[in-house]
Trainee: 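This structure is in structure tokens; I'll ask about it shortly.
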Amino acid sequence: MLNGLLVIDKPVNWTSHDVVARLRRLTGERRIGHAGTLDPFATGVLPTAVGRATRLLQYIQAQDKRYLATIALGIETDSGDLTGQPLDPPFAGAWPTRAEVEATLSQFIGDIEQVPPVFSAIKVGGERLYHKARKGEDVSAPPRQVHVHALNLLAYDPPYLMLDVHCGKGTYIRAIARDIGRVLGCGGYCHALRRTSVGPFCLGDAWTLEALADRDLAAMWPQTALHPDMGMLGVPAAIMNEDDALKWYHGRLIRPLLAGRHADDVVRVYGPEGEFAGLGELAPEGALKPALVFATEEKE
């Protein structure tokens with residue numbers, strides 16, 4: 001059985017599910033998942049996990065992301081991207097100045113309230129929003145709070161502007177494009193989107209599907225996949241002694257170790273021989289509570 005992480009450079013017009021299906025055929029493994037959906041029109045970093053590493057996907061998905069986004073001003077679409085239908089006639093006024101664009105961007109930094117696009121995977125009434133939208137139902141998602149660390153204007157050549165977006169989990173870039181267009185009074189949609197990083201993973205870590213297809217993955221797995229703990233490099237680490245390891249693998253609290261020196265909620269935990277033992281959460285009294293026990297194959 002193969003276990004590990006594969007960072008994929010998702011091609012345009014592929015869904016994230018398409019990528020997983022392709023990896024299942026290439027690896028011969030069924031237990032594969034991805035950390036964070038990318039829309040079909042978008043490209044870039046899509047972390048995937050194989051085997052036991054899939055248990056880490058929820059933690060990888062929750063980490064910060066960065067995007068290169070091209071926004072087209074002048075019209076709003078129902079999907080918020082170039083695949084959607086125009087909602088209004090094209091804007092016929094004067095384009096906003098660069099100063100006006102930069103002033104608008106400043107309104108979308110920090111904790112912001114965002115209404116997800118109607119064509120999104122959020123469930124409303126037990127059904128995916130995009131299913132309702134495709135049936136022509138009049139639907140909307142409730143607003144949610146997201147965090148945007150930075151919105152850097154890289155280029156502005158009306159009607160297009162290019163942004164470097166650094167944001168937290170759950171942020172819709174299509175919604176940012178839509179809302180920027182509304183504030184500027186001219187409409188806007190996401191014309192192109194490339195995810196450049198998820199947590200510690202960047203484009204330099206990513207494989208194309210074509211490159212993977214040219215490799216004997218069973219024979220070259222150690223040279224191809226990343227160790228599961230690579231997805232959590234941004235959190236503190238703690239090393240257990242043998243007594244703590246015995247408690248850990250039985251799901252019991254262990255002493256604070258290095259975790260007591262950090263305010264982080266999640267800690268990487270390693271056994272006395274350096275093996276990755278999983279993730280712990282800080283209990284109120286400062287001890288570590290097993291959140292995910294990543295047992296070695298021998299212990300399984």
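Throughout, residue positions are numbered sequentially from 1 according to the sequence presented.
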Trainee: So do Leu154 and Leu163 actually touch side chain to side chain, heavy atoms under 4.5 Å?
Mentor: no
Trainee: With under 30° as parallel and over 60° as perpendicular, where do the rings of Phe276 and His227 fit, or are they tilted in between?
Mentor: perpendicular
Trainee: Run the side-chain donor-acceptor check on residues 231-240: report pairs under 3.5 Å with partners two or more places apart or on a different chain.
Mentor:
none

Trainee: Where do Arg174 and Tyr189 land on the side-chain contact (heavy atoms from CB on, under 4.5 Å) test, with the steps shown first?
Mentor: CA-CA 7 Å; Arg174 288 180 289 140; Tyr189 66 88; over 6 Å; no
Trainee: Quick one: do Asp81 and Arg178 make a salt bridge, cutoff under 4.0 Å?
Mentor: no
Trainee: Please step through side-chain contact (heavy atoms from CB on, under 4.5 Å) for the pair Val269 and Leu288, ending with a clear verdict.
Mentor: CA-CA 9 Å; Val269 179; Leu288 268 180; 4.0 Å; yes
Trainee: Can you tell me if Asp205 uses its side chain to pair, donor with acceptor, with the backbone of Cys202 under 3.5 Å?
Mentor: yes
Trainee: Could you give the distance from NZ (Lys10) to CZ (Arg22), rounded to the nearest 0.5 Å?
Mentor: 15.0 Å
Trainee: Show which residues join Tyr160 in its hydrophobic cluster (side-chain heavy-atom contacts under 4.5 Å, direct or indirect), or state none.
Mentor: none
Trainee: When you check the side-chain N and O atoms of Thr196 and Arg66, is any donor under 3.5 Å from an acceptor?
Mentor: no
Trainee: Side-chain contact test, heavy atoms from C-beta onward, threshold under 4.5 Å: evaluate it for Trp221 versus Arg215 and give yes or no.
Mentor: no
Trainee: Would you call Glu113 and Arg144 a salt bridge, taking side-chain N to carboxylate O under 4.0 Å as the test?
Mentor: no
Trainee: Show your working on side-chain contact (heavy atoms from CB on, under 4.5 Å) between Thr224 and Leu217 and close with a plain yes or no.
Mentor: CA-CA 7 Å; Thr224 306; Leu217 291 181; 3.9 Å; yes
Trainee: Examine the side chains of Asp164 and Tyr67 and answer whether a donor and an acceptor come within less than 3.5 Å of each other.
Mentor: no
Trainee: Phe108 versus Val183: any side-chain heavy-atom pair under 4.5 Å?
Mentor: yes
Trainee: Could you check if a side-chain atom of Thr48 sits within less than 4.5 angstrom of a side-chain atom of His34, using non-hydrogen atoms only?
Mentor: yes
Trainee: Tell me whether the rings of Phe91 and Trp95 are parallel (<30°), tilted (30 to 60°) or perpendicular (>60°).
Mentor: tilted
Trainee: What are the two closest non-hydrogen atoms of Glu102 and Leu153, and how far apart are they?
Mentor: CG-CD2, 3.7 Å
Trainee: Would you compute the distance between atom CZ of Arg52 and atom OG1 of Thr54 and round it to the nearest 0.5 angstrom?
Mentor: 10.0 Å
Trainee: Does atom CD of Glu273 have more than 12 heavy-atom neighbours from other groups under 6.0 Å away?
Mentor: no
Trainee: For a 4.5 angstrom cut-off between non-hydrogen side-chain atoms, does Leu6 reach Leu226?
Mentor: no
